[in-house]
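Please read all numbers here as calculations on a predicted model, not as lab measurements.
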Amino acid sequence: MIGNETDLNGNICPETILLVEDDGFIALEESRILEDNGFTVIPAVSGDEAVELVRSGKKIDLVLMDINLGDGMDGTEAAEMILKHADIPLIFLSSHTEKDVIKKTEGITSYGYVVKHTGETALITSIKMAFKLFAAKQELKEGERILKAANNSLNSTFNSINDAIILIDLDRTIEKTNEAFKIFTGKTQDEIIGKKCISVVHQDSCEAENCPFEKMLETHQRERTELERDGRFYDVIVDPLFDDKGNLSKAVHLITDVTTHKTTENILNSKISNLTKPDLKIESLKFEELFNLKEIQKLQDDFSAATGVASIITTPDGIPITETSNFTRFCHKVVRGTEKGLCNCMKSDALIGKYLATGPTIQKCLSGGLWDAGAGLSVGGHHIANWLIGQVKDETVTEEHIAAYARGIGADVKEAVDAFNEVKSMSAEEFEHISELLYNMADTISSAAYQNLLQGRVLSQVLEDEEKIKKLLHEKDVFLKEVHHRIKNNMASVEGLLSLQKDKIKDKTAAETIQAAALRVSSVRILYEKLLSADEYSSMPVESFVKDIVGGISCIYPEKENVRINFDIEQIRFDSKQLFQLGLIVNEIVTNIYKHAFAIGAAGTISVRLKHEQESGLGYLEIADNGKGFSEGFSAEKSESFGMLLIRLLAEQMGGELTFKNSSPGTVCRIVFRVAL
C-alpha cells in the first residue's frame, strides 16, 4: 500500500523510502532532504543489506538505489533481486550519466533515474512521479484482474447454457460458440470457428430452406424456424446485433431442443382423446394415463433436492411408478436389498400413502423405523397413487435397533449400521412443515388431474349436444375462474419453492438469479389475483396492480427502507396481455434500481408515472430514481444482461419506444406505447 496506511490513532503514516547508499556523508544529506519532505527513511549501505531488508517484510514504499556500492553486488544486481521478491517502485540515484549505464537500468525498472546533486526539487519530483506511476500501474492491474474475472465468469455462464448459441458475422462465418453447440454438431472448436454456419449446422454447402438468417438480413428483426435433425426437433432463433451507428453487424443464433415438448404435446393430445371417451370409468384410470411421467419425475426430483428428503410415487399398493429421488443407502441398498426388507417397505408405503382428506400421514416406517410421510393422489375420489417422502431419523432410533432389524431381515449388520449413520437428521417440526407442503402439492396435482378429466367430458358433451351451449358457457366461466385460482396458487407454490431454494444456495450470484425469477413469478401471480377479483378477465385498472408489484419488491430489500416510492398513475384499464408486459417491465426496472442505484441505508426516491393521452391513444410509462446513475460507458441498447434483454423484448412486443438516460442525479427509463384498451 502506497501513502495511505494509518496508525492506531487513524493518522496517515508517511511513505517509507529505502535509501541504498554506501557513502555515509551523501546518505546523511539525502536522508535529511527526504525527511524534510515528510518521508520516513531506512538506510542501507550495501546491496545485500537492501535485499535482506525487503525480504524481512518491513514496510517499504519506494527504493532509492545507488549503482556503485563498493564491494559485493552493485545497485543493478540488488535492484533485480528486490523486484523479483516485491512489486515496489525503484529509482536509481547515481552519478553515472553514460548512455549504456542508463540503458541497462531502463531494462530493470521504469520508475526513474536521478543524477546525484541535481538538486532537491528534481529528486522529490521524481519520487512523487514514481509514486503516481506505481499507483496507476496498480489500478491498471486491478482493472485487468476484474476484467479477466468478469470475462471468465461470462464465458463460464455462456458455456453453461443448455441451448446451443453461436455468434456469426454477415458473411455467415462463425465467430464464437458455446459448449452446447459443439455437442449439437458433434464438432470440435477448430472445426467450427471460422467456418460457414450453413455447412456446420446443416452439414451442407447449399443454403437451407427457410433459413431464418436470410430472413433476418431482410427484416433486421428476430426470425425463427423449426429444424428437424436425427429424429429430434429444434427451435432456431436468429437475433440481429447492431453497431454504435445502428447498422446491422452480426447475428446471434439460439438453437433449443424442443423434442420433449413436442413429444409431450403429442402424448397430451392422445390422453385428452382417451379422457373424452363417453364410456370412460374413473375407477379404471391409472396415474400414468393422466400425467406425463417425465414432468412428474422432474417435479419430484426438484422437491427432493429443495427439501433434502427422499421421495417416490407409487401405486396404492406400494409398487413404484417413478424413479427414486435422494434415497438413502440404508433404505435403497441395505433394506430393499433383502426380500423381507423390500416386502416390509412396500407394506409401509401402502399404509403411509393412504388417501386422507385432512392432511398427510406421518409415521415411522415399518422397515427400519425412519420417519416417513405420504399423501394420496386421487381423481374424483378414486385413489390412484401415493406420493411418499422421508428417510430421516431422530434420536429415538439407535444403532442397536438398526443392528437388530438388520439381523431380522438378513442384511449385513455392519453395512446397515454404517449406512444408518449417513441418514439425515431432522427435527419433527421441520419434517412436519415439509409434509404439509407435500400434501398441498399432491392436492393441487389431484385437483388439476380431475379438472382435466372434467374438461374433457365437458368438451365431449358440447360435441354431442349443441343445445347445451348456454349452460356450457356458464360452466366454462366458473371453470375459468377456478383455473385462475389454481394458477395463482400454483404460482405461489412456485414462488415459495424458489425462495426455499434461494435460502439453501450459498453462491450469491445464483441466489440473486433465483430471487429475480421469484419476483417475476410474483408479478404474474399478482396479475392473476387482480383478474380473479375483477368483473371481467379481459381488462382491469392498472394502478393497484403496479403498486402491489412495487410493494412486493420493496419488501425483498429491507436494508433499503429509506428509499421512498412516489406514484403518479392514471386510472386506466389495460387488457390482460398488456398488463402482463407492463408488470414484468416494472418488476425488472424497479428491482434493478433497488439493487444498484442506492447504497445500503442511504435515502432515495423512486418515481413511477403512467399516463394515457386520449387523443393519440399513446401510453407513457416513466420510472426514475435519484441514485448514482449508470456507470460510464453503459448502454441499455447494447446490454446483454437477461433483465435488459427482457425489458427490450417486452417493449418491442408492445410496439413501444424504449429509452434510458442519466438524469443527474439518477436515471430515467421511459416507454411510449400504444394502449390496448
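Partners of Glu179 under the salt bridge (charged side-chain N to carboxylate O under 4.0 Å, His left out) rule, at least two apart in sequence or in another chain, are Lys182. By the ring-ring contact (aromatic ring centres under 6.0 Å, His included) test, Tyr234 is found to be paired with Phe184, residues two or more places apart in sequence or in another chain being considered. Contacts of Ser304 classified as side-chain contact (heavy atoms from CB on, under 4.5 Å), with partners at least two apart in sequence or in another chain: Ser311, Ser325, Asn326. Residues passing the side chain to side chain donor-acceptor pair (under 3.5 Å) test with Arg564, sequence neighbours excluded: Thr605. Listed by chain and residue number, nothing satisfies the side chain to side chain donor-acceptor pair (under 3.5 Å) test with Thr177 (two or more places apart in sequence, or in another chain). Every residue two or more places apart in sequence or in another chain was checked for a side-chain contact (heavy atoms from CB on, under 4.5 Å) with Glu615, and none qualifies. Qualifying salt bridge (charged side-chain N to carboxylate O under 4.0 Å, His left out) partners for Asp243, counting only residues two or more places apart in sequence or in other chains: none. Qualifying side chain to side chain donor-acceptor pair (under 3.5 Å) partners for Gln581, counting only residues two or more places apart in sequence or in other chains: none. Judged as a salt bridge (charged side-chain N to carboxylate O under 4.0 Å, His left out), and not counting sequence neighbours, the contacts of Asp235 are Arg224. Listed by chain and residue number, Lys547 satisfy the salt bridge (charged side-chain N to carboxylate O under 4.0 Å, His left out) test with Glu543 (two or more places apart in sequence, or in another chain).
Using a 4.0 Å cut-off between charged side-chain N and carboxylate O, Glu218 and Lys215 make no salt bridge.
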Margin query: Quick one, Phe673 with Gln578, criterion side chain to side chain contact (heavy atoms under 4.5 Å, CB included). Give me CA distance, side-chain angles, the key distance, then yes/no.
Written below: CA-CA 10 Å; Phe673 59 96; Gln578 201 161 62; 3.9 Å; yes

Next item on the list: Any chance you could lay out the side chain to side chain contact (heavy atoms under 4.5 Å, CB included) test for Lys611 and Asp568, step after step, and finish with the verdict?
Entry: CA-CA 8 Å; Lys611 300 294 182 181; Asp568 183 9; 2.7 Å; yes

Item checked: side chain to side chain contact (heavy atoms under 4.5 Å, CB included) between Leu582 and Phe580, intermediate numbers included -> CA-CA 6 Å; Leu582 278 172; Phe580 170 83; over 6 Å; no

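In this structure, Trp387 has its ring center closer than 6.0 angstrom to the ring center of Phe303.
With a 6.0 Å radius and a threshold of 12 heavy atoms from other residues, nucleotides or ligands, Lys298 has its NZ atom at or below the threshold. Residue-environment remark: CG (Leu140) exceeds the threshold of 12 foreign heavy atoms within 6.0 Å. The number of heavy atoms from other shown groups lying within 6.0 Å of CD (Glu570) is above 12.
Annotation: salt bridge (Lys or Arg N to Asp or Glu O under 4.0 Å) contacts involving residues 664-675, sequence neighbours excluded, comprise Glu622-Arg670. Each salt bridge (Lys or Arg N to Asp or Glu O under 4.0 Å) pair with one or both residues in residues 654-669, not counting sequence neighbours, would appear here, but there are none.
Atom CG of Leu618 and atom CD of Glu613 lie 6.0 Å apart (nearest 0.5 Å). One finds the OG1 atom of Thr173 at 10.5 Å from the CD1 atom of Ile193 (value rounded to the nearest 0.5 Å). Interatomic distance, Lys250 NZ to Leu167 CG, rounded to the nearest 0.5 Å: 6.0 Å. Between the CD1 atom of Ile174 and the CD atom of Gln189 there is a distance of 10.0 Å, given to the nearest 0.5 Å. Considering OG of Ser607 and CG of Asp625, their distance stands at 8.5 Å, rounded to 0.5 Å. Atom CZ of Phe660 sits about 4.5 Å away from atom CE of Met644, to the nearest 0.5 Å.
Residues Cys197 and Ile166 have side chains in contact (heavy-atom distance under 4.5 Å, counting atoms from C-beta outward). Proximity of Pro665 to Lys628: side-chain heavy atoms (C-beta onward) are nowhere separated by under 4.5 Å.
Asn592 and Glu588 are not linked by any side-chain donor-acceptor pair at a separation below 3.5 angstrom, with hydrogens and angles left out of the test.
No donor-acceptor pair closer than 3.5 Å links the side chain of Asp163 to the backbone N or O of Leu254.
Minimum heavy-atom separation, Phe242 to Ser249: C-OG, 3.9 Å.
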